[in-house]
Amino acid sequence: MDRRSIRKLDHIRNALVTGENGANSFDDVSFVPNSLPNAAFAETSLDTEIASLRLSSPIMINAMTGGAGGTTQINQKLAIIARERNLAMAVGSQMAALRDPDVTDSYRIVRREHPQGILFANVGAEATVEQATAAVEMIEANGLQIHLNVMQELLMPEGDRDFRGYLERIQAIRESLDVPVMVKEVGFGMAKESIEKLIEIGIRTIDVGGRGGTNFAQVENMRSDHPHTMFEDWGFTTVESLLEANAVGHPGMSYIATGGVRHGLDVVKAASLGASAVGMAGAMLRLVQRESLEGCLSTVDRWHHQIRVAMTALGMKGLADAVCTPVMITGKTAERARLRHIQLERLAQR
């Protein structure tokens with residue numbers, strides 16, 4: 001087995017033990033109760049839209065894996081779940097397959113299992129236009145994710161050390177591809193300054209990918225002979241990142257919240273802060289590794305039920321209504337947001 005395949009399998013093994021415990025920024029978010037919601041559970045709709053694509057669920061199976069023999073079965077099971085519950089899905093970074101065509105089937109299996117579904121290809125910000133195009137063609141993708149993982153690369157023993165030219169390459173890809181292009185953080189969150197730079201080059205869909213789920217700093221430290229554990233708390237949480245996006249206030253943007261989403265109530269909390277969808281990666285990985293297919297589908301059904309319960313209790317018919325619902329931000333999240341001059345009172349009084 002080559003070094004890249006070993007690294008992919010190390011990532012899966014290490015990811016399974018991160019992100020399950022500890023503080024979660026969604027616990028700092030709470031709703032003002034509505035005793036007269038004037039709503040019916042049966043009338044709630046889970047439909048949403050990202051990157052000009054209509055989705056029947058706000059839950060997206062987010063980028064995880066591919067590129068090694070043992071990952072084909074994982075992606076196959078994830079694709080079956082996506083097909084059976086009509087979820088959008090993104091594959092893991094396809095850079096491995098672009099360098100080694102022998103591992104392309106670990107990605108192509110997703111389209112074979114989910115022929116009519118909405119799929120996102122995935123490359124790093126070091127990719128060329130030609131590589132991005134090849135990644136989309138490889139799985140007949142409906143859209144492309146370009147992932148940003150600077151801290152992970154810096155902690156990875158064999159990772160990149162030069163991050164110059166990212167914006168220029170992202171812009172070139174966006175201008176050349178015929179499918180929507182989304183930029184995605186991998187778990188370190190995104191500040192309003194970075195969001196504004198992406199908006200300036202025409203990006204209209206951003207996955208804020210905040211701290212709180214799979215901790216890729218910890219994943220890489222677990223692989224290293226000389227771990228730098230002081231960087232495992234690096235970045236913004238998912239909630240902090242959504243608040244940063246709120247502060248930008250640019251119309252026409254779609255945001256995806258990935259990182260620490262545990263259940264249906266977290267989905268509605270994310271929607272109240274402007275997310276059109278949520279990505280679940282680590283939670284899905286643990287699910288497919290530990291549960292039967294029937295158990296996985298039952299869990300997704302339970303998440304959907306929880307979303308509808310929260311929506312009904314808050315008087316919402318669609319997830320878009322969440323941005324009009326008063327929401328309170330407290331704790332460490334509120335403390336850090338105020339240092340960034342983010343006005344939280346307006347969220348609680350809307």
Side-chain angles (χ1 to χ4, degrees), residues 8 11-12 15-16 18-20 24 26 48 50-51 53 55-67 71 74-83 85-95 106-107 110-111 113-114 117-124 135 139 141-149 152 180-190 205-216 219 235 237-238 241-242 254-264 266-267 270-271 275-289 296 299-300 303-304 307:
K8 293 283 187 179
H11 284 171
I12 292 171
L16 286 169
T18 76
E20 289 190 276
N24 187 302
F26 283 104
T48 189
I50 57 170
L53 299 169
L55 311 182
S56 61
S57 168
I59 296 174
M60 176 178 173
I61 300 178
N62 221 339
M64 265 177 277
T65 193
T71 64
I74 295 173
N75 273 344
Q76 181 177 29
K77 191 172 181 180
L78 289 168
I80 293 171
I81 295 169
R83 181 190 71 212
R85 293 300 178 262
N86 204 15
L87 309 180
M89 178 177 172
V91 298
S93 174
Q94 293 166 264
M95 300 304 291
S106 64
Y107 302 98
V110 175
R111 178 54 80 189
E113 292 291 353
H114 198 15
I118 293 176
L119 301 182
F120 287 87
N122 185 307
V123 296
I139 63 168
N142 305 90
L144 174 72
Q145 287 185 342
I146 302 176
H147 66 261
L148 304 175
N149 63 333
Q152 181 187 8
V181 174
M182 171 199 313
V183 175
K184 174 192 185 306
E185 247 293 351
V186 303
F188 302 99
M190 199 172 288
T205 305
I206 295 175
D207 185 334
V208 297
R211 181 163 49 82
T214 302
N215 187 328
F216 279 102
V219 164
T237 67
T238 304
S241 300
L242 288 172
S254 294
Y255 292 102
I256 299 169
T258 300
V261 177
R262 301 160 296 183
H263 44 60
D266 284 348
V267 176
S276 299
V278 303
M280 300 183 79
M284 285 287 185
L285 180 60
R286 286 187 286 274
L287 197 62
V288 299
Q289 292 287 77
C296 293
T299 299
V300 174
W303 290 335
H304 282 157
I307 295 169

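Index from 1, following the sequence.
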Legend entry - Matching residue for M284 among V300, T299, I74 - test: side-chain contact (heavy atoms from CB on, under 4.5 Å): V300

Legend entry - Among I81, I118, I61, the one residue meeting side-chain contact (heavy atoms from CB on, under 4.5 Å) with M89: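 The option that passes is I61.
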
Nearest non-hydrogen partners of [X] and [Y], listed with the distance:
| X | Y | answer |
| --- | --- | --- |
| S106 | N75 | O-ND2, 2.9 Å |
| I307 | P58 | CD1-CG, 4.0 Å |
| L55 | A88 | CD2-CB, 4.0 Å |
| G235 | R211 | O-NH2, 3.2 Å |
| F120 | M60 | CD1-CE, 3.5 Å |

What pairs with [X] under side-chain contact (heavy atoms from CB on, under 4.5 Å), at least two apart in sequence or on another chain?
| X | value |
| --- | --- |
| R111 | L119, E140, N142 |
| S276 | T48, I50, S254 |
| A270 | F26, L242, A257, A275, V278 |
| Q76 | I80, I109, E113 |

Heavy atoms, side chains only, cut-off 4.5 Å: are [X] and [Y] in contact?
| X | Y | result |
| --- | --- | --- |
| V261 | W303 | no |
| E185 | V208 | no |
| S57 | R85 | no |
| V110 | I139 | no |
| V123 | I146 | yes |
| H304 | L87 | yes |

Legend entry - From N86 atom CG to H114 atom NE2, the distance as rounded to the nearest 0.5 Å: 6.0 Å

Legend entry - Rounded distance (nearest 0.5 Å) linking atom NZ of K184 with atom NE2 of H147: 8.5 Å

Legend entry - Any residue meeting side-chain hydrogen bond (donor to acceptor under 3.5 Å, both in side chains) with T258, in chain and number order, not counting sequence neighbours: N62, D207

Inset, instruction - Identify, with sequence neighbours excluded, every residue that meets side-chain hydrogen bond (donor to acceptor under 3.5 Å, both in side chains) alongside D266. - result: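 For D266, the residues satisfying side-chain hydrogen bond (donor to acceptor under 3.5 Å, both in side chains) (neighbours in sequence not counted) are R262.
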
